[in-house]
Amino acid sequence: MSRDLGVDTQLRQILPELRRKEALVDLSLQIPTIDMRKLMVEDDDEMAKLHLACKEWGFFQLINHGVAEESIEKMKVDLQEFFKLPAEERNAYERPQNSMEGYGQPYIFGQGKQLDWGHMFLLSSLPPSLRNLRFWPQNPTSFRATLDKYSLELQEVSNYLLKLMGKNLGNDIPKQLTEMFENGRQAVRMNYYPACVNGNNAMGITPHTDAVGLTLLLQANEVQGLEINKNGKWIPVTPIPAAFIVNIGDIIEVMSNGEYKSIEHRTVLDQENERFSIAAFHFPNDKAVIGPLQDLVKKNGELYKTLSNDEFFGLFQKGKLEDIPDEKKGFVTV
């Protein structure tokens with residue numbers, strides 16, 4: 001299938017000096033697994049596991065999440081059917097210049113930087129008023145209805161997780177987080193990574209953190225590729241079938257005043273097999289102020305600057321992140 005995507009092979013012939021810098025890979029570790037069914041009855045042990053996962057890993061796999069199997073399977077099918085369409089039909093949804101929404105090959109960073117290898121299709125999914133249906137395909141015919149149902153179910157899971165994370169952080173935090181993410185924004189990005197014979201010379205997505213609240217990732221076929229950076233070692237994530245891979249975004253790290261960690265991650269390529277995935281990014285609503293929640297600054301003071309929504313995303317989009325502390329200058333995603 002990769003041949004019909006019209007990849008500019010000459011552009012993608014990475015020169016030796018652009019070779020991916022290898023880091024140690026640790027195959028012995030796996031991110032924690034959290035059982036949503038136990039969280040729903042606020043099982044003490046599972047709540048403690050959730051808290052530790054957010055503090056120490058920034059990633060976990062969520063099982064028994066309650067999203068209908070039918071919704072997941074339809075989303076997988078429609079995703080793959082879209083990427084099988086002729087290039088001319090896919091390109092009708094091409095991302096405009098200086099826009100994040102639409103279909104294309106993002107993340108080409110210029111000379112001397114790693115070139116990313118992949119095709120991505122980003123859509124604003126919630127609230128419905130933000131949907132630009134000019135980018136919502138009508139082929140497959142079920143695509144719009146499938147994504148509508150899928151996006152609503154994932155937002156419900158995200159909001160419930162945020163409420164429980166708030167309970168783990170402090171008495172008044174659940175209400176604050178719930179209010180900030182009520183009617184929040186969601187964007188869904190569908191990813192296709194062709195098989196890459198020269199996989200060591202390219203990357204699906206270069207190392208980054210997510211400039212969001214929470215990300216829920218669904219592996220849409222059996223080929224893995226996600227790796228997270230823990231203590232300087234890259235740990236491959238082996239997806240559990242039907243589970244969501246959840247990661248803390250930069251916004252929750254800021255709001256938790258560093259208690260919860262947004263962890264660097266990347267996507268590597270398979271030399272023989274193509275890979276599909278679907279990432280749902282969840283943001284606070286437009287009224288939210290992005291900064292440490294006041295109940296969490298009493299011990300260590302504010303470790304992050306407080307910004308309005310517009311200021312935060314303005315810095316992200318322009319790449320001017322000097323006012324965001326430490327390692328949070330590598331924002332990539334949406």
Q) Can you list the steps and then say if N309 with D286 is a side chain to side chain donor-acceptor pair (under 3.5 Å)? A) CA-CA 6 Å; N309 242 298; D286 291 339; 4.9 Å; no
(Q) Quick test of your reading: applying salt bridge (charged side-chain N to carboxylate O under 4.0 Å, His left out), list the pairs with at least one residue in residues 124-135, sequence neighbours left out, ordered by first then second residue. (A) R131-D148
If you define the side chain from C-beta out and look only at heavy atoms, does anything of [X] sit under 4.5 Å from [Y]?
X	Y	value
D270	R275	no
V157	E153	no
L293	L177	yes
P284	I251	yes
M75	V67	no
S124	F135	no
L39	M47	yes
L218	Y150	yes

Within one Ile-Leu-Val-Met-Phe-Trp-Tyr cluster: [X] and [Y], side-chain cutoff 4.5 Å:
X	Y	result
M180	L126	no
Y93	F276	yes
L303	V297	no
L162	V41	no
Y160	I173	yes

Q | Gap between atom CD1 of I252 and atom OG of S262 - 0.5 Å precision | A |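 It is 10.0 Å, given to the nearest 0.5 Å.
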Q: First locate atom CG of L161, then atom CG of L62, and finally report the distance between them rounded to the nearest 0.5 Å.
A: 5.5 Å
Q.
Name the residue from M165, E46, E259, E56 that meets the side-chain contact (heavy atoms from CB on, under 4.5 Å) definition with H51.
A.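 Output: one option passes, namely E259.
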**Q.** Q219 side chain to Q224 backbone, donor-acceptor under 3.5 Å
**A.** no
**Q.** Passing candidate, side-chain hydrogen bond (donor to acceptor under 3.5 Å, both in side chains) with S125, options Q155, Q186, R189, R185
**A.**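 Of all the options given, the one that passes is Q186.
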Q. Could you walk me through whether E89 and N91 pass the side chain to side chain donor-acceptor pair (under 3.5 Å) check?
A. CA-CA 5 Å; E89 192 166 348; N91 288 336; over 6 Å; no
Q | Parallel, tilted or perpendicular, as decided by the 30° and 60° cut-offs, for the rings of F143 and F82 | A | tilted
Q: Take the angle between the ring planes of Y103 and F121 and call it parallel below 30°, perpendicular above 60°, tilted in between.
A: perpendicular
Q) Which heavy atom in M190 sits nearest to a heavy atom in L123, and how many Å separate them? A) CE-CD1, 3.9 Å
Q) Which pair of non-hydrogen atoms, one from M203 and one from T206, has the smallest distance, and what is that distance? A) SD-CA, 3.5 Å
Q | Test log, rule side chain to side chain donor-acceptor pair (under 3.5 Å), inputs K149 and S71 | A | CA-CA 7 Å; K149 188 173 189 299; S71 296; 2.9 Å; yes
(Q) Counting only heavy atoms not in E156 (residues, nucleotides, ligands), do more than 12 fall under 6.0 Å from its CD? (A) no
Q) More than 12 heavy atoms of other residues, nucleotides or ligands under 6.0 Å from NZ of K230: is that the case? A) yes
Q: Verify whether the ring centers belonging to H119 and F83 lie closer than 6.0 Å.
A: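 No; F83 has its ring centre 6.0 Å or more from that of H119.
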Q.
Could you tell me if N132 and E101 have a donor-acceptor pair between their side chains, going purely by distance under 3.5 Å?
A. no
(Q) For H282 and N159, which I'm curious about, is there any donor-acceptor pair between the side chains at under 3.5 Å? (A) no
Q: Using the side chain to side chain donor-acceptor pair (under 3.5 Å) rule, take N300 and N257 through it: C-alpha gap first, then chi angles, then the decisive distance, then the call.
A: CA-CA 9 Å; N300 298 318; N257 203 33; over 6 Å; no
Q. Which is it for Q61 and V237 under the side-chain contact (heavy atoms from CB on, under 4.5 Å) test, yes or no, and what are the steps along the way?
A. CA-CA 9 Å; Q61 299 206 56; V237 176; 4.1 Å; yes
